[in-house]
Amino acid sequence: MRRWTALLLPLVLALIPTTVSAAPAATIEVSAVYGTDNGTLNKELVLRASQGGYLTLQNLHVLADHADELADLGLREIRVDHVFDDSFYGVVKGVDKFDFSKLDAVLKPLVDHGIRPWISLSYMPGAFATNGLFSPPKDYAAWGRAVDAMVSHYAAMPGSNYRGWNWEVWNEPDNKGGFWTGTTAQYNQLYAASAQAVRHGDPTAKVGGPGVATPTVGLLGGWLDFIAANPGIPCDFVSWHSYGPNDFNSTQDIRGEISRRGIPAKQLYITEWNSTFAMNNGPGTWPDTHQTASYALQRMYDALGETGLNGVHFFSGLEGWRPSADFNGDLGLLTVDGRRKAVGNAFAMFDALGNTKLSTTISGNSGTATYGLVTADTAAKKTTVLLWNNTLNATTFHPSVSGLPYTSTNFAVTQYAVNAQNSYSDNAAGQKNLRPSAHEPLRPSNRTVVASASNWSSTVTLAPNAVALIELTPSSETPGSKPVPGVQSTIDFARGATVAPSSSYTNAGQGWGPSALVDGRRYSYTGANEGNPTMGWTSAEHPTAAASESVRVDLGATRTFDAVTLWPRSDQFGDGRGFPADFTIEGSNDGANWSQALVTKTGYGAGAPVLGPQTFAAAGSFRYLRVSATKLGLPIPEAAGNAYRFQLAELEVTAPITLS
């Protein structure tokens, strides 16, 4: 993950995705033949992400809780850095003293959801650092033992899913003033200690580096010289980052540098890629829209054709540069609060392709900016066509497939679209209180059943930067147009509501305030790379738990709801500790007369921290909702000592809704 200064702004502005603007092309012909195997589609190569080391990730729940959503996008692997950063996971407690519990809390849910972690061994823990987080260690041997302990810890986990990981030594050590303050020689020494430790901790693991920001000779060349001169030091792969270009031609250059030094062939990985490394491009700019979706698919396709390239990791999985904003022109597949962006749906489309590429002829196009893939899943007799238009002009495609296995059965033609209607446009149109919003999921745009036939063709016009996925599947339905199911969503009536607490500690710079209770941020973030953190609402301090506090929300009108969800404070410093022990949830239509309690709880949490969303069946029709605590929960450690408070990261008042 990059950092930059104002001096780099002209460069950042120059790195927006390159889309081709030309005169409208003739119809692009995409013709394929079912049953003609043109190789296996290597989804494993491109369905990877590199998780940015945002300060929001210091909350140990946020990435883990979104593992299922990231898996739904098809991700096979996520690169995680900051693993030795004290402020993230606190692994190193002293020389040869380790605690992996916080890192486990993040990595194990990924593995449980079928996502393989790729570990970037960074940064320097305070116990070893010579001069801060990005400095060389005081003792390379002690650093090596820490690496060995980490690798061994996971290799010893039950099952096979914790062995054989890729371990990358550091992140962007060539980023001077950024992530490495040492020399190339010191990096080489760090690499040697790390690589030998990885191999000792897990003989099946792969180790490499240097994960450079720029694939130029510099530090990378000095490291390759070191590898060539020391063949006994383990090295399985070479890794680097690629921001800006519309291709992965740097692979050829790296291959040449390896060969020129007489180094045996290595696996090659681009462990971060996107059009730019800027994470604050502004709401509604290209990273928030479908422009990144068409750009990503073009680059993913081009990656498949790069000889010797073993994997590319899109930056980033979950974003979080400015946590107070719904959208900020950040670079993730998911926003900080888990919204699926258009580019996330592009990944889901790629994952939906069959594993067999069909022999396909494409004509009428210029390069891969307007292109497509046709695949088959022969076991399911499914044919899938993926088309993208990464240009600034509307483009017409004429896809056709012959030799289809549908001569004795009707077949359904289901089309999906990624275009100007997406989660960002929904948000801008006022759907921020819907989860998911109308165009956030990958949903069919139309569905038709066709009479049995061996050939199929269609005409598809894609707007600028639009993408289409078309699936052909056997069907027993009668021919004709079929209805498309609506989106099953949940509406949160409390989002943006007026909040009236009995007391409040308000500090925008720290992220505390009544409005933060209904801002859509379900997690507590003590830090932000840009803008203010967002923590939620907290009452005033009390010396004991024997205190009463309440918070009321005005829903603006009488609303019919069926559930109330309270999200506890969830940062590392006060995780689940401000949740009340005894409380009621009540409704009112005038703000003065309150109904019989919808929910009554005593001794909630049984004296333990309350972790994760707490959802209560609370059906009713009211304008006002109040949560009243009559006994507070566990104390929160603060600078002046333990304090008792009523604290919530978010309050939601919800009902199911179907969106057309």
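All figures in this text were calculated on a predicted structure; none of them were measured in a lab. Numbers here simply count residues along the sequence, with the first being 1.
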Residues two or more places apart in sequence or in another chain: which of them pass side-chain contact (heavy atoms from CB on, under 4.5 Å) with Asn249?
Asp247, Gln252, Glu306
Asp330 side, atom CG; Thr335 side, atom OG1 - distance, nearest 0.5 Å:
9.5 Å
Run the salt bridge (Lys or Arg N to Asp or Glu O under 4.0 Å) test against Lys432 and tell me which residues pass, sequence neighbours left out.
Asp326
How would you list all residue pairs meeting salt bridge (charged side-chain N to carboxylate O under 4.0 Å, His left out) that involve residues 440-450, not counting sequence neighbours?
Arg339-Glu440, Arg447-Glu477
Contacts of Arg48 meeting salt bridge (Lys or Arg N to Asp or Glu O under 4.0 Å) (sequence neighbours excluded), chain-then-number -> Glu44, Glu77
According to the interplanar angle, ranging from 0 to 90°, do the rings of Trp321 and Tyr54 count as parallel (below 30°), tilted (30 to 60°) or perpendicular (above 60°)?
perpendicular
May I ask you to check whether Thr384 and Glu471 show a side-chain donor-acceptor distance below 3.5 Å?
no
Thr395: which of Asn390, Asn389, Thr461, Asn365 passes side-chain hydrogen bond (donor to acceptor under 3.5 Å, both in side chains):
Asn389
Hey, would you say the Phe237 and Trp118 ring centroids sit under 6.0 Å apart?
yes
Can you list the residues that meet the salt bridge (Lys or Arg N to Asp or Glu O under 4.0 Å) rule with Asp492, with sequence neighbours excluded?
none
Residue list, salt bridge (Lys or Arg N to Asp or Glu O under 4.0 Å) with Arg255, at least two apart or on another chain
none
Check this for me: does any side-chain nitrogen of one of Arg521 and Asp337 sit under 4.0 Å from a carboxylate oxygen of the other?
yes
Set of residues satisfying side-chain contact (heavy atoms from CB on, under 4.5 Å) with respect to Asn455, sequence neighbours excluded:
Ser402
So, Asp37 and Lys357, do they make that salt bridge, N to O below 4.0 Å?
no
What residues, two or more places apart in sequence or in another chain, satisfy side-chain contact (heavy atoms from CB on, under 4.5 Å) together with Pro474?
Lys381, Tyr406, Thr409
Nearest-0.5 Å distance, CZ of residue Arg299 to CG of residue Asp302:
8.5 Å
Minimum-distance pair of heavy atoms, taken over all atoms of Lys482 and Pro479
NZ-O, 4.4 Å
Taken to the nearest 0.5 Å, the spacing of Ile254 CD1 from Ser242 OG works out to 10.5 Å
Please list, one pair per line, the donor and acceptor atoms closer than 3.5 Å that link side chains of residues 65-73 to other protein atoms, with sequence neighbours excluded.
residue, atom, partner, partner atom, Å
Asp65, OD2, Tyr523, OH, 2.8
His66, ND1, Val62, O, 2.6

Main chain of Gly74, side chain of Arg76: is a donor-acceptor contact present, judged purely on distance under 3.5 Å?
yes
Residues forming a side-chain hydrogen bond (donor to acceptor under 3.5 Å, both in side chains) with Thr56, sequence neighbours excluded:
none
Side-chain ion pair, Glu530 and Arg322, N-O less than 4.0 Å:
yes
Taken in chain and number order and not counting sequence neighbours, the residues that satisfy side-chain contact (heavy atoms from CB on, under 4.5 Å) with Asp377 are Ala379, Ala380, Lys382
My understanding is that only one of Trp240, Tyr301, Trp273, Tyr243 makes a ring-ring contact (aromatic ring centres under 6.0 Å, His included) with Phe248; could you say which?
Trp273
Side chain of Thr375, backbone of Gly354: donor and acceptor closer than 3.5 Å?
yes
Which of parallel (below 30°), tilted (30 to 60°) and perpendicular (above 60°) describes Tyr371 and Trp388?
tilted
Rounded to the nearest 0.5 Å, how far does OG of Ser324 lie from OH of Tyr525?
11.5 Å
Salt bridge (charged side-chain N to carboxylate O under 4.0 Å, His left out) pairs, two or more places apart, involving residues 309-320:
Glu319-Lys341
